[in-house]
Asker: 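If you scroll down you'll find the structure; I have some questions about it.
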Amino acid sequence: EVQLQASGGGLVQAGGSLRLSCAASGYIFADYGIAWFRQAPGKEREGVACISNTDGSIYYSNSVKGRVIISSDNAKNMVSLQMSMTNPEDTAVYYCGAFTHPSSCVHFGSRYGMDYWGKGTLVTVSS
């Protein structure tokens, strides 16, 4: 059974840092890309970061570029999203997804289809 478990959400003050993790199991981790999406109340889902375990490509949305770092640990089957210089606009439920169609992030975007989804983790940034 494929499982993606996002964790690390919580309350953080604006300007603070947070580290989200996505733990994967039940499939060949190294053959997939992992992406982070977020959805704030009343807004469309936004793809914020992507990392490919096959070609190493990485994508960041303009809204988070320069403030987040995505990394993959193949030994732990885990992808992390380190967030810094947070602001209230980062408040959202964050989800991770895995894909392989192909698994590159070169053409990644908010509407990119995922093969698997995990449950979200809520991030709240207070002003």
Side-chain angles (χ1 to χ4, degrees):
E1 179 187 4
V2 174
Q3 287 191 337
L4 294 172
Q5 182 64 52
S7 62
L11 177 64
V12 61
Q13 285 191 329
S17 298
L18 205 63
R19 186 178 183 89
L20 305 182
S21 295
C22 177
S25 62
Y27 69 94
I28 302 174
F29 185 76
D31 290 347
Y32 282 71
I34 295 282
W36 283 96
F37 296 80
R38 68 185 182 186
Q39 188 160 22
K43 294 188 177 181
E44 291 189 356
R45 187 182 69 199
E46 177 189 12
V48 295
C50 174
I51 186 166
S52 170
N53 287 323
T54 55
D55 67 5
S57 54
I58 289 176
Y59 166 93
Y60 297 110
S61 67
N62 288 334
S63 60
V64 302
K65 193 175 294 182
R67 301 189 297 115
V68 306
I69 297 174
I70 189 170
S71 59
S72 181
D73 187 336
N74 283 11
K76 296 182 179 179
N77 283 11
M78 183 173 293
V79 169
S80 297
L81 188 71
Q82 179 68 45
M83 303 176 63
S84 60
M85 295 182 288
T86 55
N87 59 67
E89 287 70 40
D90 293 323
T91 295
V93 177
Y94 285 71
Y95 302 87
C96 58
F99 64 98
T100 175
H101 50 65
S103 61
S104 174
C105 297
V106 171
H107 301 293
F108 178 78
S110 293
R111 296 183 181 275
Y112 218 60
M114 297 290 109
D115 295 300
Y116 305 110
W117 285 99
K119 293 183 180 180
T121 185
L122 176 63
V123 172
T124 303
V125 181
S126 63
S127 58

Asker: Only counting residues at least two apart or in another chain, list the ones meeting side chain to side chain donor-acceptor pair (under 3.5 Å) with Thr100.
Answerer: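 Result, side chain to side chain donor-acceptor pair (under 3.5 Å) vs Thr100: none returned.
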Asker: Sequence neighbours left out, what passes side chain to side chain contact (heavy atoms under 4.5 Å, CB included) with Gln3? Give chain and number order.
Answerer: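 For Gln3, the residues satisfying side chain to side chain contact (heavy atoms under 4.5 Å, CB included) (neighbours in sequence not counted) are Glu1, Ser25.
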Asker: According to ring pair (Phe, Tyr, Trp, His ring centres under 6.0 Å), who are the partners of Phe108, at least two apart in sequence or on a separate chain?
Answerer: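 By the ring pair (Phe, Tyr, Trp, His ring centres under 6.0 Å) rule, Phe108 matches Phe37, Tyr59, Tyr112.
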Asker: Give me the atom names and distance for the closest heavy-atom approach of Thr54 to Tyr32.
Answerer: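 Of all heavy-atom pairs spanning Thr54 and Tyr32, the closest is CG2-N, 4.5 Å.
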Asker: Using a 4.5 Å cut-off on heavy atoms from C-beta on, say whether the side chain of Ser7 contacts that of Met78.
Answerer: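 No; the side chains remain at least 4.5 Å from each other.
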Asker: Measure from the side-chain N and O atoms of Thr86 to the backbone N and O of Gly16, and report whether any donor-acceptor pair falls under 3.5 Å.
Answerer: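 Flag set: sc Thr86 to bb Gly16 pair under 3.5 Å.
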Asker: Give, for atom CD1 of Ile34 and atom OG of Ser103, the distance between the pair rounded to the nearest 0.5 Å.
Answerer: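 Answer for the CD1-OG pair, Ile34 versus Ser103, is 10.0 Å.
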Asker: Does Met85 share a hydrophobic cluster with Val48, counting links as ILVMFWY side-chain heavy atoms below 4.5 Å and allowing steps through other members?
Answerer: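 No; Val48 is not reachable from Met85 via cluster members.
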Asker: Is there a side-chain contact (heavy atoms from CB on, under 4.5 Å) between Val79 and Ile51? Walk through the geometry before answering.
Answerer: CA-CA 8 Å; Val79 169; Ile51 186 166; 4.0 Å; yes
Asker: Are Phe29 and Phe99 linked, directly or through other ILVMFWY residues, by side chains that come within less than 4.5 angstrom of each other?
Answerer: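 Unlinked, Phe29 and Phe99 end up in two clusters.
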Asker: Among residues at least two apart in sequence or on other chains, which ones pass side chain to side chain donor-acceptor pair (under 3.5 Å) with Asn87?
Answerer: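 None.
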Asker: State which residues pass side chain to side chain contact (heavy atoms under 4.5 Å, CB included) with Ser110; sequence neighbours excluded, sorted by chain then number.
Answerer: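 For Ser110 the side chain to side chain contact (heavy atoms under 4.5 Å, CB included) partners, ignoring immediate neighbours, are Glu46.
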Asker: Can you give me the closest heavy-atom contact between Arg38 and Ala92, atom names plus distance?
Answerer: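 Shortest heavy-atom separation between Arg38 and Ala92 comes out as CB-CB, 3.8 Å.
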Asker: With sequence neighbours excluded, tell me which residues meet side chain to side chain contact (heavy atoms under 4.5 Å, CB included) with Ala30.
Answerer: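 Partners of Ala30 under the side chain to side chain contact (heavy atoms under 4.5 Å, CB included) test: Asn74.
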Asker: Can you list every disulfide bond (SG atoms under 2.5 Å apart) pair that touches residues 69-111, not counting sequence neighbours?
Answerer: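 Non-adjacent pairs meeting disulfide bond (SG atoms under 2.5 Å apart): Cys22-Cys96, Cys50-Cys105.
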Asker: Could you tell me which non-hydrogen atom of Gln82 sits nearest to which non-hydrogen atom of Arg19, and how far apart they are?
Answerer: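 What the structure gives for the nearest pair is OE1-NH1, 3.0 Å.
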Asker: Taking the side chain as every heavy atom from C-beta outward, state whether Trp36 and Met83 have any atom pair closer than 4.5 Å.
Answerer: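 The answer is no; the side chains never approach within 4.5 Å.
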Asker: Which residues satisfy the salt bridge (charged side-chain N to carboxylate O under 4.0 Å, His left out) test with Glu89, sequence neighbours excluded?
Answerer: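 Testing Glu89 for salt bridge (charged side-chain N to carboxylate O under 4.0 Å, His left out), a comparison that skips the adjacent residues, returns none.
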Asker: For Leu4 and Ala98, work out which heavy atoms get closest and say how close.
Answerer: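 Heavy atoms only, the tightest pair is CD1-N, 3.6 Å.
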Asker: Enumerate donor-acceptor pairs with a distance under 3.5 Å from any side-chain N or O in residues 116-127 to protein atoms, sequence neighbours excluded.
Answerer:
residue	atom	partner	partner atom	Å
Thr121	OG1	Gly9	N	3.0

Asker: Residues two or more places apart in sequence or in another chain: which of them pass ring pair (Phe, Tyr, Trp, His ring centres under 6.0 Å) with Tyr60?
Answerer: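 Tyr60 satisfies ring pair (Phe, Tyr, Trp, His ring centres under 6.0 Å) with no other residue.
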Asker: According to a hydrophobic-cluster definition based on side-chain heavy atoms being under 4.5 Å apart (Ile, Leu, Val, Met, Phe, Trp, Tyr only), do Val12 and Val64 belong together?
Answerer: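 Yes.
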Asker: What residues form a side chain to side chain contact (heavy atoms under 4.5 Å, CB included) with Asn62, not counting sequence neighbours?
Answerer: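 Scan of Asn62 (side chain to side chain contact (heavy atoms under 4.5 Å, CB included), adjacent residues dropped) gives Lys65.
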Asker: Is there a path from Leu20 to Ile58 through hydrophobic residues (I, L, V, M, F, W, Y) whose side chains come within less than 4.5 Å of each other?
Answerer: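 Same hydrophobic cluster.
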Asker: Counting neighbours of CD1 on Ile69 that are heavy atoms of other residues, nucleotides or ligands and sit closer than 6.0 Å, is the number greater than 12?
Answerer: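 No, the 6.0 Å shell around CD1 holds no more than 12 heavy atoms from other groups.
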Asker: Quick one: list whatever passes salt bridge (charged side-chain N to carboxylate O under 4.0 Å, His left out) with Arg67, sequence neighbours left out.
Answerer: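 Scan of Arg67 (salt bridge (charged side-chain N to carboxylate O under 4.0 Å, His left out), adjacent residues dropped) gives Asp90.
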